[in-house]
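Here is how names work: the chains are called A, B, and so on, in the same order as the sequence lines, proteins then strands, and each is numbered from 1.
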There are 2 protein chains.
Amino acid sequence: MFTFGLMEIELSQAEENYLKAIYSLFVVANKAVSTNKIAEKLETKASSVTDMVKKLSDKNLVNYVKYQGVSLTTEGKEFAIHVIRKHRLWEVFLVRHLGFKWDEVHEVAEQLEHVKSRKLTDGLDAFLDFPRYDPHGDPIPDKEGNFIKRNITVLSALKINEESKIVGVKDSSSAFLKYLDNAEIKLGAEIKVLHKESFDNSMMLLIEGQKISISQQISSNLYVKQND
Amino acid sequence: MFTFGLMEIELSQAEENYLKAIYSLFVVANKAVSTNKIAEKLETKASSVTDMVKKLSDKNLVNYVKYQGVSLTTEGKEFAIHVIRKHRLWEVFLVRHLGFKWDEVHEVAEQLEHVKSRKLTDGLDAFLDFPRYDPHGDPIPDKEGNFIKRNITVLSALKINEESKIVGVKDSSSAFLKYLDNAEIKLGAEIKVLHKESFDNSMMLLIEGQKISISQQISSNLYVKQND
DNA sequence: ATAAATTTTTAGATTTGTCTAAAAAATATT
DNA sequence: AATATTTTTTAGACAAATCTAAAAATTTAT
Ligand SMILES: [Mn+2]
Ligand SMILES: [Mn+2]
Ligand SMILES: [Mn+2]
Ligand SMILES: [Mn+2]
């Protein structure tokens, strides 16, 4: 339950990007994040990360012990989630109102997420009618920083005959998203696993009545929600 | 007739702000702009301006001769107008769709104007249905950089019994805009000059049927278009 | 338990944009 | 025309964010 309380301090774009990176790496690893991983994610050098992490630590936004990785403090997490909120709201706006495709929004949202104005963010949220998911199926934090934690699985983990709905993408690279567009695989599509090929782990699916085969590369990057 | 042609180079926010400042100072002065004036406008020091102006000169965006002031090159002007286009389009968006008042938009537009994406700018323009003026009555350049050059006068210059329409504000400070809101003076209002007080240069006006008196401070900061 | 490999940090440099204080040039005053 | 004032530029410093190369710590392999 975050309240985005003590956010008088203004962070630089670089600082915001670091917090966001640390947040998302922590979510998957579930333990303190290494400087190397952060460097890789932000396409920078580990030495730069060490410097920045020290600065964020001085500002009480991360917990950092030399050689032992980085994690976010409560306040750091609030900031990270707030930036993610802005990023995803802008993505919704771009797709819904400006004719962007879901593979075109990332770079622009990466810039827009750093614009500082409470009124802007909350106004945009209201204008969009408080969307709960972004174009890639990722949940959008509300103004208090709360967001839905869904019970999702990766498609490749489903067993034969299980039915589910596509709700998100793990990889949101332009290449993967374009592949999905081409194959007419959309979020919201109902699917059923017809067959799993043990040789290459490819899957035969029934998507909205259509029978198609997808490689493991694909199935392991699609999130599904199992029908109850 | 600008075509926004050679804009492969990416400018920093600081560079963009300098170009915009030089542009608007040049428009009023109509001659090379001094480093001091630029410093004042950008709330920085003249020595910083000298440094930046040298850099912009190296990039062929400004004409600069030591001790003789600064003017924009064709390319510099293109950039400046493009930033102004973005600034004003965002202002329209904020007022029309996010519930901002005209005195609240400037600071946020100041940030949004630096977001780099052709598709975003042109998409926003289309979404807003190609607005020709921003909330303060300033013309919005189109994607080619062309904009309406209107035949406007300052209200204080009108003579008794002349009729005209309020079309813009010279001062767009929050204080002035709030005063106008309070006095219910809006863009588009039809006015007639009833009387000019020679003692303090105040004016008695008929605005949309209402009789009101305004000081010269006010009348010299309102743009009007005379009825033909 | 040592040695080798990998990861992380430090040291020192660079770029961008800013500042203060001093020098130089331009402008105004006598 | 000489002097005083104002404007503009230069010189040197600093903070932010980055880099490379070297040192230190940790982890892995023998
Ligand atoms: Mn970003
Ligand atoms: Mn997304
Ligand atoms: Mn700006
Ligand atoms: Mn405006």
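When distances run from any side-chain atom of A:Y67 to the nucleotides D:dT9, D:dT18, D:dT26, the shortest one goes to D:dT26.
Here A:Y18 reaches the OP1 or OP2 of D:dT18: one of its side-chain N or O atoms lies under 4.0 Å away. The side chain of B:K54 places no N or O atom within less than 4.0 Å of a non-bridging phosphate oxygen (OP1 or OP2) of D:dT9. When the side-chain nitrogen and oxygen atoms of B:S48 are compared with OP1 and OP2 of C:dT18, none of them lie within a distance under 4.0 Å. In terms of phosphate contacts, A:S34 brings no side-chain nitrogen or oxygen within less than 4.0 Å of OP1 or OP2 of C:dT7. The shortest distance between the side-chain N/O atoms of A:Y64 and the OP1/OP2 oxygens of C:dT9 is below 4.0 Å. Look at A:T44 and you'll find a side-chain N or O under 4.0 angstrom from OP1 or OP2 of D:dC19.
A:M52 places its CE atom 12 Å from the C1' atom of D:dA15, with the value rounded to the nearest Å. Between the NZ atom of A:K59 and the C1' atom of D:dA15 there is a distance of 11 Å, rounded to whole Å. One can place CD1 of A:I9 at 14 Å from P of D:dA16, the figure rounded to the nearest angstrom. Across the protein-nucleic acid pair, A:L42 atom CG and D:dC19 atom C1' stand 15 Å apart, rounded to whole Å. The CG-P distance, from B:N36 to D:dT5, rounds to 18 Å in whole Å. Taking atom CD of residue A:E43 and atom P of nucleotide D:dT18, one finds them 12 Å apart after rounding to whole Å. For B:E15 and C:dT16, the CD to C1' distance is 9 Å, given to the nearest whole Å. One interatomic measurement links the two molecules: CD of B:Q13 to P of D:dA16, which rounds to 17 Å at whole-angstrom precision.
Other residues, nucleotides and ligands contribute at most 12 non-hydrogen atoms within 6.0 Å of the CD atom of B:E107. More than 12 heavy atoms of other residues, nucleotides or ligands shown are found within 6.0 angstrom of NZ on A:K116. Counted within 6.0 Å of NZ on A:K225, heavy atoms from surrounding residues, nucleotides or ligands total 12 or fewer; the atom is thus considered open.
Donor-acceptor pairing under 3.5 Å, judged by distance alone, is present between the side chain of A:S47 and the base of D:dT20.
For A:K45 and A:S12, each mapped to the nucleotide of DNA chain D holding its nearest heavy atom, the one lying further toward the 5' end belongs to A:S12.
Using a 4.0 Å heavy-atom distance criterion, B:K37 is classed as making no nucleic acid contact.
Judged purely by distance below 3.5 Å, without hydrogens or angles, the side chains of A:W102 and A:D134 never pair a donor atom with an acceptor atom.
A cation-pi contact links A:K119 to B:F100, judged by a cut-off of 6.0 Å to the six-membered ring centre and 45° from its axis.
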